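Treat the numbers as computed from the prediction; the structure is a model and nothing was measured. What's counted below: heavy atoms across the whole structure, side chains too, no hydrogens, waters or symmetry copies.
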Amino acid sequence: MFRQATRLLSRPIISARARPFSTDLPAAETADSSFAEAWKKVIPNIDPPKTPLSFMKPRPPTPSSVPSKLTVNFVLPYASELSAKEVDMVIIPATTGQMGVLPGHVSTIAELKPGVLSVHEGNDVTKYFISSGFAFIHANSFADIIAVEAVPLDQIDSSQVQKGLAEFTQKLSSATTDLEKAEAQIGVEVHSALNSALSG
């Protein structure tokens, strides 16, 4: 085995990537031309219907130098908290730990856990408690943060958090089925994260 190691290590390494990252590709057209052409062949008298691709804006190109600001989109299923907001930095509660995102950050997809999302704009810091979701960091200094639920940290009542934590801890200790245990465990985790966010 060791005899083959030197032979394997001395082989040339192919430097060309098999396929580029999606952020390396040029911005695509907003019209789905292949669908429109196929439609015109079948039904030439009626305009083709709009496809989801026709409603999408083209992705901005990756800048040649690192921009000074990070453009953030922060959305919930029922609202848009931040839309194309230029900020200095965001700190997101990823499942792998707290992750700071600055302009020029490498492309990343991160799963979010219950915790505090901090949006830094100059000396102002806005904090939200989020339950879960995903963050998509793009190479062109854009960040899309999608959360299931989010609340500004200053709108959370600490007494309700303590009450909820006590209730779910009680439910966890008295749970008999796997479903009850799982639901209680999620409640304990979320309320513990809320408690940690409020205390420090």
Side-chain angles (χ1 to χ4, degrees), residues 19 21-23 51-53 55-57 59 70-103 105-121 123-200:
R19 66 178 198 194
F21 290 111
S22 64
T23 52
T51 62
L53 190 59
F55 294 101
M56 295 173 63
K57 295 179 185 175
R59 182 182 353 87
L70 175 71
T71 305
V72 177
N73 297 307
F74 176 34
V75 294
L76 306 171
Y78 52 86
S80 176
E81 290 291 323
L82 301 174
S83 179
K85 177 90 170 172
E86 290 193 344
V87 300
D88 296 319
M89 175 178 69
V90 293
I91 300 174
I92 60 174
T95 54
T96 55
Q98 294 290 329
M99 185 169 100
V101 180
L102 294 165
H105 196 283
V106 67
S107 297
T108 307
I109 298 175
E111 183 181 359
L112 306 179
K113 66 177 182 178
V116 178
L117 167 74
S118 302
V119 180
H120 298 258
E121 186 178 6
N123 292 333
D124 297 331
V125 179
T126 308
K127 294 184 177 186
Y128 299 89
F129 183 84
I130 61 172
S131 61
S132 62
F134 287 90
F136 302 90
I137 316 302
H138 308 282
N140 55 5
S141 291
F142 274 69
D144 297 319
I145 302 168
I146 296 95
V148 174
E149 189 64 58
V151 178
L153 205 56
D154 56 4
Q155 294 181 9
I156 298 173
D157 184 1
S158 60
S159 63
Q160 291 295 322
V161 171
Q162 295 294 334
K163 182 180 173 187
L165 182 58
E167 284 177 17
F168 280 107
T169 304
Q170 172 60 32
K171 285 181 182 178
L172 183 61
S173 62
S174 64
T176 55
T177 66
D178 288 342
L179 177 63
E180 289 175 349
K181 288 178 185 175
E183 289 175 347
Q185 183 64 39
I186 291 169
V188 168
E189 287 175 10
V190 170
H191 282 82
S192 296
L194 271 165
N195 195 28
S196 297
L198 292 172
S199 62

> Of the non-hydrogen atoms in Ala139 and Ser107, which two are nearest, and what is the gap between them?
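Scanning both residues, the minimum pair turns out to be N-OG, 3.3 Å.
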> Specify the closest pair of heavy atoms between Glu86 and Glu121, including all atoms of both residues, with the distance to one decimal.
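In terms of heavy atoms, the two residues are closest at O-OE2, 3.8 Å.
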> Look only at the side chain of Asn73 and the backbone of Ser83, and say whether a donor-acceptor pair between them is shorter than 3.5 Å.
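No, the answer is negative, given that no donor and acceptor are paired below the 3.5 Å cut-off.
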> Are the side chain of Thr95 and the backbone of Lys113 linked by a donor-acceptor contact shorter than 3.5 Å?
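Between the backbone of Lys113 and the side chain of Thr95 there is no qualifying donor-acceptor contact (under 3.5 Å).
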> Compare all side-chain heavy atoms of Ile130 with those of Pro93 and state whether any distance is below 4.5 angstrom.
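Touching, per the 4.5 Å side-chain cut-off.
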> Do the side chains of Phe129 and Pro114 get nearer than 4.5 Å, heavy atoms only?
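Yes; the side chains approach each other to less than 4.5 Å.
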> Which heavy atom in Gln98 sits nearest to a heavy atom in Ile91, and how many Å separate them?
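Distance-wise, the nearest heavy atoms are OE1-CG2, 3.3 Å.
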> Can you tell me how far the CD atom of Gln185 sits from the CD atom of Glu183, to the nearest 0.5 Å?
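Answer rounded to 0.5 Å: 12.0 Å.
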> For Leu112 versus Ile146, what's the shortest heavy-atom pair and its separation?
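Between these two residues, the closest heavy atoms are CD1-O, 4.2 Å.
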> To the nearest 0.5 Å, what is the distance between OG on Ser174 and NZ on Lys181?
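Going from OG on Ser174 over to NZ on Lys181, the span is 10.5 Å.
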> If we only count heavy atoms from C-beta on, is the Leu198 to Val161 side-chain gap below 4.5 Å?
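Contact flag for Leu198/Val161 side chains = yes.
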> Could you grab the distance from atom CG of Leu165 to atom CD of Gln170, nearest 0.5 Å is fine?
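Answer rounded to 0.5 Å: 12.0 Å.
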> In Å and rounded to the nearest 0.5 Å, what is the CG to OG distance from Leu194 to Ser131?
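One gets 9.5 Å once the value is rounded to the nearest 0.5 Å.
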> In this structure, are over 12 heavy atoms from other groups packed under 6.0 Å from Asp178 atom CG?
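Atom CG in Asp178 is not packed in, count stays at 12 or less.
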> Return the CG to CZ distance between Asp144 and Phe134, rounded to the nearest 0.5 Å.
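Going from the CG atom of Asp144 to the CZ atom of Phe134 covers 13.5 Å.
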> Would you mind reporting whether Leu70 and Met89 have side-chain heavy atoms less than 4.5 Å apart?
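No; the side chains remain at least 4.5 Å from each other.
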> How close do Pro77 and Ala147 get, counting heavy atoms only, and between which atoms?
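Closest approach of Pro77 to Ala147: CD-O, 3.3 Å.
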> Nearest 0.5 Å please: distance from the NE2 atom of His191 over to the CD atom of Glu167.
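The distance works out to 7.5 Å.
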> I'd like to know if the side chain of Thr108 and the backbone of Ile137 have a donor-acceptor N/O pair within less than 3.5 Å.
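It does not hold such a pair.
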> Can you classify the ring geometry of Tyr128 versus Phe74 as parallel (below 30°), tilted (30 to 60°) or perpendicular (above 60°)?
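Perpendicular, since the angle between the ring planes exceeds 60°.
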